[in-house]
2 protein chains.
Amino acid sequence: MEPSILKNIVKSRGLRQSGQRDLVMETFFKQKGHISAEELLSQVRIKDKRVGLTTIYRTLKLLTQCGLAVERKFNRQESTFEPARRGQHHDHLICLSCGRISEFENKSIETLQEDVAREHGFFITHHVLELYGYCLKCSKKSEKKSNTR
Amino acid sequence: MEPSILKNIVKSRGLRQSGQRDLVMETFFKQKGHISAEELLSQVRIKDKRVGLTTIYRTLKLLTQCGLAVERKFNRQESTFEPARRGQHHDHLICLSCGRISEFENKSIETLQEDVAREHGFFITHHVLELYGYCLKCSKKSEKKSNTR
DNA sequence: TTTAGTGCAAACTCTTTGCAGCTAA
DNA sequence: TTAGCTGCAAAGAGTTTGCACTAAA
């Protein structure tokens, strides 16, 4: 899916195709979840040890600018990136224990957001909705622990 | 309101009362909105030029740990802090043009969030809902500009 | 007198930039 | 041949930490 779009963008912007960039992009789109620059680097370095962090950042920036990647900052300092899926907005559940990130979509919430915006004379371009807490697995674990205590 | 709570915390933790910390806290609770460490420093330095950024960060951390302040990261790298109001959760509208932050509360959205969490077997501890876009003033400005163009 | 608090400078984390060499077109 | 691409090292921004000094109790 992505490769052709990518090649067009690379061409139309007068950019060059390069081995490193191809590898970074390929690796990025192969994984599905949220990945940090550092994590992507170590994935990429499995195939080519010479790639630098700078190239990772530059490629991710390029992808983000083209709308092919989305940058997010959850809890932490560091950014994570995920492949953009056209027209498919979604929000996130972030487990504070295991760090797992799941996604959800809820049209009713978005409608209510628009209502809020209207009341405030505000025009929404985008939003961030992140639910922090504990996933099923981690809730069960801590339940067990507190029972046997 | 806050001073007594503060003094109790300071006492109960074996901390000392100090001029700088008092000034930082006083300045912080006097303003209502969202303020960055850097901004708070310049406010504080109006009254006492010798206070350092370190003290600001240390005091804000203390307040955050005590639950008297809430740290938020909107768009940018830098954190902003706001006085916590007990039991009063609210979410934010952030104008991308003028940077103004307004607040709202919407129980229906929160109920829907709980529904989503239940579906995923997820236990929510807290959430972040930020609506980015343009406030009324800024929308009007850009409208004018594009009309006269 | 003791020990927490302070400011400075240095360190740290994550990200970006300058630069000289490299390489696709 | 000529730009864009690269990795490295250095620089940035925001925040934290080590340290010697100061000051509250």
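Naming: A, B, ... by sequence-line order, numbering from 1 per chain.
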Would a hydrophobic clustering, with Ile, Leu, Val, Met, Phe, Trp and Tyr connected at side-chain separations under 4.5 Å, put A:Leu53 with A:Val44?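 Same hydrophobic cluster.
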Same cluster or not: B:Val70 versus B:Phe74, using hydrophobic residues (I, L, V, M, F, W, Y) connected whenever any side-chain heavy atoms lie under 4.5 Å apart?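 No.
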Rounded interatomic separation in angstrom, taking [atom1] from [X] and [atom2] from [N]:
{"X": "B:Gln77", "N": "C:dC14", "atom1": "CD", "atom2": "C1'", "result": "7 Å"}
{"X": "B:Gln17", "N": "D:dA25", "atom1": "CD", "atom2": "P", "result": "6 Å"}
{"X": "A:Ile56", "N": "C:dT15", "atom1": "CD1", "atom2": "C1'", "result": "13 Å"}
{"X": "B:Asp22", "N": "C:dG5", "atom1": "CG", "atom2": "P", "result": "12 Å"}
{"X": "A:Phe81", "N": "C:dT15", "atom1": "CZ", "atom2": "P", "result": "6 Å"}
{"X": "A:Leu53", "N": "C:dT13", "atom1": "CG", "atom2": "C1'", "result": "12 Å"}
{"X": "A:Lys73", "N": "C:dT13", "atom1": "NZ", "atom2": "C1'", "result": "11 Å"}
{"X": "A:Leu60", "N": "C:dC14", "atom1": "CG", "atom2": "C1'", "result": "13 Å"}

Report the nucleotide, chosen from D:dT15, C:dT15, D:dT17, that has the shortest atom-to-atom distance to any side-chain atom of B:Lys61.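 Minimum distance to the B:Lys61 side chain belongs to D:dT17.
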Does [X] place a side-chain N or O at less than 4.0 Å from the phosphate oxygens OP1/OP2 of [N]?
{"X": "A:Ser18", "N": "C:dT23", "result": "no"}
{"X": "A:Tyr57", "N": "C:dT15", "result": "yes"}
{"X": "A:Thr54", "N": "C:dT17", "result": "no"}
{"X": "A:Arg21", "N": "D:dC5", "result": "yes"}

Return yes if the base of C:dT16 and the side-chain atoms of A:Arg58 contain a donor-acceptor N/O pair under 3.5 Å, otherwise no.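 Between C:dT16 and A:Arg58, which were checked side chain against base, a qualifying N/O pair under 3.5 Å is absent.
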Interatomic spacing from CG in B:Leu41 to CD in B:Glu38 - rounded to 0.5 Å: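 Reported to 0.5 Å precision, the distance equals 6.0 Å.
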Would a distance-only check, ignoring hydrogens and angles, find a side-chain to backbone donor-acceptor pair under 3.5 Å from B:Thr59 to B:Arg21?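 No, because the side chain of B:Thr59 does not come within donor-acceptor range (under 3.5 Å) of the backbone of B:Arg21.
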Describe the nucleic acid contact of B:Gly14 in one word from base, sugar-phosphate, nothing, applying a heavy-atom distance below 4.0 Å.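 The residue B:Gly14 makes sugar-phosphate contact but no base contact.
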Base, sugar-phosphate alone, or nothing: which one does A:Ser79 contact when heavy atoms must sit under 4.0 Å apart?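 The residue A:Ser79 makes sugar-phosphate contact but no base contact.
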Which residue lies more 5' along DNA chain C, comparing B:Arg45 with B:Arg16 via nearest heavy atoms: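 Nearest-nucleotide comparison on DNA chain C picks B:Arg16.
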Ring center gap for A:His127 and A:His89 short of 6.0 angstrom: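 When the ring centroids of A:His127 and A:His89 are compared, they turn out to be within the sub-6.0 Å range.
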